[in-house]
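To keep things clear, I will list the structure first and then write my remarks on it.
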Amino acid sequence: MTSVRHWWISLRAFSFTATIIPVGLAAALAAVSLAPQTQIAARGDWWTLIPFTVAALLFHAGTNVLNDYYDFTKGVDKPGDPDPTHVLTRGLVSPEFMLRSGRLYFVIGSLIGATIALLRGPFYLAIAFAGVAGAYFYTGIRFSLKYRALGDLAVFVFMGPALVTLGFWAVVGAVEPNAIIASLPVAILVT
């Protein structure tokens, strides 16, 4: 039970609302966009919302875990750090566990997300890949957005316009400027 608890802490799942809220906004915008077509807004590819949400949460988890790993290995987070979410500094899990699990979340998220990209086409795949790369390189070893003072900008773009627009696009099959505009307050809130 202790190892499951440590794994759960390593995810920093309390921060997952930063993914759930933009995905929920994407779903709400899709429902409004599709509502004029039918009484119950049933025309969209609503099944895509489940794999999209799961993939988004996996990328978020992977980013959290790899962020902790790289902060620890680069000496930003040091042993004895009292932060209860820093499982590495408290010696609750190994660095290898964090590196492997963080990468695994990205691999599984990519495989799940590929189902939507097959439906929506290569441009969707390219935009989604840019989002995944942004999440991975938030604190990546060779290149890091966070350590180059681009972390907040990355969070703003990827957890706001990118996440809302890709979620909307997954369901509706198109991009509408209103989805991007509606995502800006969420992007500010998440950042």
Side-chain angles (χ1 to χ4, degrees), residues 12-64 66-67 105-140 143-191:
R12 287 193 269 152
F14 65 86
S15 68
F16 288 170
T17 55
T19 294
I20 299 296
I21 290 171
V23 171
L25 176 59
L29 292 169
V32 169
S33 177
L34 295 169
Q37 297 176 13
T38 69
Q39 289 286 329
I40 57 171
R43 290 250 166 125
D45 291 312
W46 288 100
W47 67 268
T48 62
L49 198 57
I50 293 170
F52 181 82
T53 304
V54 171
L57 287 169
L58 284 165
F59 294 134
H60 190 158
T63 302
N64 286 348
L66 290 177
N67 179 52
Y105 302 142
F106 274 92
V107 168
I108 296 170
S110 295
L111 293 173
I112 292 170
T115 61
I116 301 166
L118 289 172
L119 175 70
R120 295 297 175 221
F123 190 61
Y124 184 95
L125 177 63
I127 301 298
F129 180 76
V132 171
Y136 188 81
F137 290 110
Y138 180 75
T139 51
F143 180 83
S144 169
L145 296 168
K146 176 181 172 182
Y147 300 132
R148 298 187 195 283
L150 297 171
D152 288 341
L153 178 63
V155 170
F156 180 87
V157 170
F158 298 123
M159 300 301 282
L163 198 52
V164 173
T165 302
L166 285 168
F168 179 88
W169 189 357
V171 174
V172 175
V175 176
E176 290 182 12
N178 289 341
I180 298 168
I181 293 166
S183 74
L184 297 179
V186 172
I188 292 168
L189 177 66
V190 171
T191 305

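Everything quoted here is computed from the prediction, not taken from an experiment.
In this structure, the side chain of Thr19 does not engage the main chain of Leu57 through any donor-acceptor pair within 3.5 Å.
Scanning both residues, Ala179 and Leu29, for their nearest heavy atoms gives CA-CD1, 3.8 Å. Residues Pro22 and Val164 approach most closely at O-CG2, 3.5 Å, considering heavy atoms. Residue Leu145 comes nearest to Gly134 through the heavy atom pair CD1-O, 3.6 Å, listed as atom of the first residue, atom of the second, then distance. The minimum heavy-atom distance linking Val23 with Ala56 is given by the pair CG2-CB, 4.4 Å. Annotation for Leu163 and Phe52: closest pair O-CZ, 3.5 Å, computed over non-hydrogen atoms.
Distance check: Tyr105 OH to Thr63 OG1 gives 12.0 Å after rounding to the nearest 0.5 Å. Annotation: the span from Thr48 atom OG1 to Leu166 atom CG amounts to 11.0 Å, rounded to 0.5 Å.
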Please tabulate, one pair per line, all N/O donor-acceptor pairs under 3.5 Å involving side-chain atoms of residues 183-191, not counting sequence neighbours.
| residue | atom | partner | partner atom | Å |
| --- | --- | --- | --- | --- |
| Ser183 | OG | Ile180 | O | 2.6 |
| Thr191 | OG1 | Phe156 | N | 3.3 |
| Thr191 | OG1 | Ala187 | O | 2.7 |

Anything under 3.5 Å between a donor and an acceptor, one on a side chain of residues 107-114, the other on a protein residue two or more places apart or in another chain? List them.
| residue | atom | partner | partner atom | Å |
| --- | --- | --- | --- | --- |
| Ser110 | OG | Phe106 | O | 2.8 |

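Sorted by first and then second residue, the side chain to side chain donor-acceptor pair (under 3.5 Å) pairs involving residues 144-162 (not counting sequence neighbours) are Asn67-Lys146, Asp71-Lys146, Asp71-Tyr147. Screening residues 116-135 for side chain to side chain donor-acceptor pair (under 3.5 Å), with sequence neighbours left out, gives Asp45-Arg120.
Take Phe16 and apply the ring pair (Phe, Tyr, Trp, His ring centres under 6.0 Å) test, not counting sequence neighbours, and it matches His60. Under the rule for a ring pair (Phe, Tyr, Trp, His ring centres under 6.0 Å), the partners of Phe123 that lie at least two apart in sequence or sit in another chain are Trp169.
Between Thr53 and Ile20, some side-chain heavy-atom pair lies under the 4.5 Å cut-off.
Under a cut-off of 6.0 angstrom, the local environment of CD1 in Ile50 is sparse, with at most 12 non-hydrogen atoms contributed by other residues, nucleotides or ligands.
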Could you give me the CA-CA distance, side-chain angles and deciding distance for Phe168 and Val175, then say whether side chain to side chain contact (heavy atoms under 4.5 Å, CB included) is met? CA-CA 7 Å; Phe168 179 88; Val175 176; 5.7 Å; no
Would Asn178 and Val32 satisfy side chain to side chain contact (heavy atoms under 4.5 Å, CB included), going step by step from the backbone distance to the final call? CA-CA 11 Å; Asn178 289 341; Val32 169; over 6 Å; no
